[in-house]
2 protein chains.
Amino acid sequence: MTKATLPGLTLCNNATLRRAGRKLGRFYDDVLAPSGLKGTQYGLLYQIHIGSEPAMGAIAEALIMDLSALGHTLKPLIRDGYVEAFADKDDRRVKRVRLTPQGGLKLNEATKLWTIAQQRFEAMVGKDQAAKLRAALDAIAALDFDMPPAR
Amino acid sequence: MTKATLPGLTLCNNATLRRAGRKLGRFYDDVLAPSGLKGTQYGLLYQIHIGSEPAMGAIAEALIMDLSALGHTLKPLIRDGYVEAFADKDDRRVKRVRLTPQGGLKLNEATKLWTIAQQRFEAMVGKDQAAKLRAALDAIAALDFDMPPAR
DNA sequence: TTCAATTAGTGGCATATGCCACTTTCACGA
DNA sequence: TCGTGAAAGTGGCATATGCCACTAATTGAA
């Protein structure tokens, strides 16, 4: 009973997902550490990168993240000069963001590290196993949890 | 291109896991809301419940969570009277925790809600699919990410 | 044109997590 | 027995996320 301190190997899908998330998150964070970015920040820079000066709302939707949470997460990246925001020309309510030249460089730098983490992980679980896992997770992300509260 | 704003369906295992985690987390949180507990707190109370007055370190290990993070997460639960801590009789460095009677009641109350969330989720993805997913996630949680930094 | 409803963000507050620097206890070997 | 190093937590600081109450800008209908 030394390390098998897991009597009830939680049947909770949410708890299991979070636990694996903490573990994997730390791994990616460790590998990305030399770049000074956290896994989340890397993902956010990437998302901005592949978008066309995306609006905050668009990013939040793509990442299935609360809009205000995105705003908070974006702050350190703007503060450090990796991202810059500007108002949309046609709708001043909309705030768009883009990477600064510095942000672009940082993304490239971090991508090299990310590749290492990604390869190391897939070498352990298998490339297809990883792909299947991502597919399953994307399926969850696409689920429509609703109806219950009597519409 | 309205809702398919996901050009690069992220290949990053970490980002995919986090995204699904946010989605699922909100679902469980919503269903658990009437109890006043968050999904994480419910999981923590449960973990304490199934343990024998577990030491903080044991809980942290089981949940693959940083010890200090556990300490922080535990605070609101202690503040609200659901959990109480006490020093181990033989080793004063060790701090053990247990549910208070109130905590036990709250856990029962929340478990009813949790069951609903769990069932609703599994009704959507399938019971075996969910089990497979948990198995895959547990496998990740059990991985040994090491060696690289030249030991 | 005017005003109510809607949309996009912001700020404040609270929890979730980590890392690091300490402090307190123990365990052990000299 | 003393002193050094390991083990278990705590506190502070920073990011990650959410919800709620608001504000600013738009859109639409009367």
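What you are looking at is a predicted structure, and each value in this text was computed from that prediction instead of being measured. Chain identifiers are assigned alphabetically (A, B, ...) following the order of the sequence lines, protein sequences preceding nucleic acid strands; residue numbering begins at 1 within each chain.
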Specify the residues of residues 86-110 of chain B, ordered by number, for which at least one heavy atom lies under 4.0 angstrom from an atom of DNA chain D. B:Arg93, B:Val94, B:Lys95
Go through the structure and list residues passing side-chain hydrogen bond (donor to acceptor under 3.5 Å, both in side chains) with B:Glu109, not counting sequence neighbours. B:Lys106
Pick base, sugar-phosphate or nothing for A:Ser68, based on heavy-atom distances below 4.0 Å to the nucleic acid. base
Test of understanding: with side-chain contact (heavy atoms from CB on, under 4.5 Å), list the residues that count as partners of B:Ala110, not counting sequence neighbours. B:Leu32, B:Ser35, B:Leu37, B:Tyr42
Mind calculating the distance between CG (A:Leu70) and P (C:dT7) to the nearest angstrom? 19 Å
Indicate the ring-plane relationship of B:Tyr28 and B:Phe121, choosing parallel, tilted or perpendicular according to the 30° and 60° boundaries. tilted
B:Asp80 vs A:Asp29, nearer the 5' end of DNA chain C by closest nucleotide: B:Asp80
Mapping B:Asp66 and A:Leu67 to their closest nucleotides on DNA chain D, which lands nearer the 5' end? B:Asp66
On DNA chain D, nearest-nucleotide positions of A:Thr73 versus B:His72: which is more 5'? B:His72
Partners meeting salt bridge (charged side-chain N to carboxylate O under 4.0 Å, His left out) with A:Arg96 (sequence neighbours left out): A:Asp88
Could you tell me the boundaries of the chain B footprint on DNA chain D, defined by atoms under 4.0 Å from its heavy atoms? D:dA6 to D:dC19
Residues at least two apart in sequence or cross-chain that pass salt bridge (charged side-chain N to carboxylate O under 4.0 Å, His left out) with A:Lys127, listed by chain then number, are A:Glu122
Name all residues meeting the side-chain hydrogen bond (donor to acceptor under 3.5 Å, both in side chains) criterion together with B:Thr40; count only those two or more places apart in sequence or in a different chain, and write none if there are none. none
With DNA chain C as reference, determine whether B:Gln41 or A:Arg26 sits nearer its 5' end, using the nearest nucleotide of each. B:Gln41
Hits for side-chain hydrogen bond (donor to acceptor under 3.5 Å, both in side chains) against B:Ser68, two or more places apart or cross-chain, chain-then-number order -> B:Asp66
Could you give all pairs that pass the side-chain hydrogen bond (donor to acceptor under 3.5 Å, both in side chains) test and reach residues 75-87 of chain A, with sequence neighbours left out? A:Glu84-A:Arg98
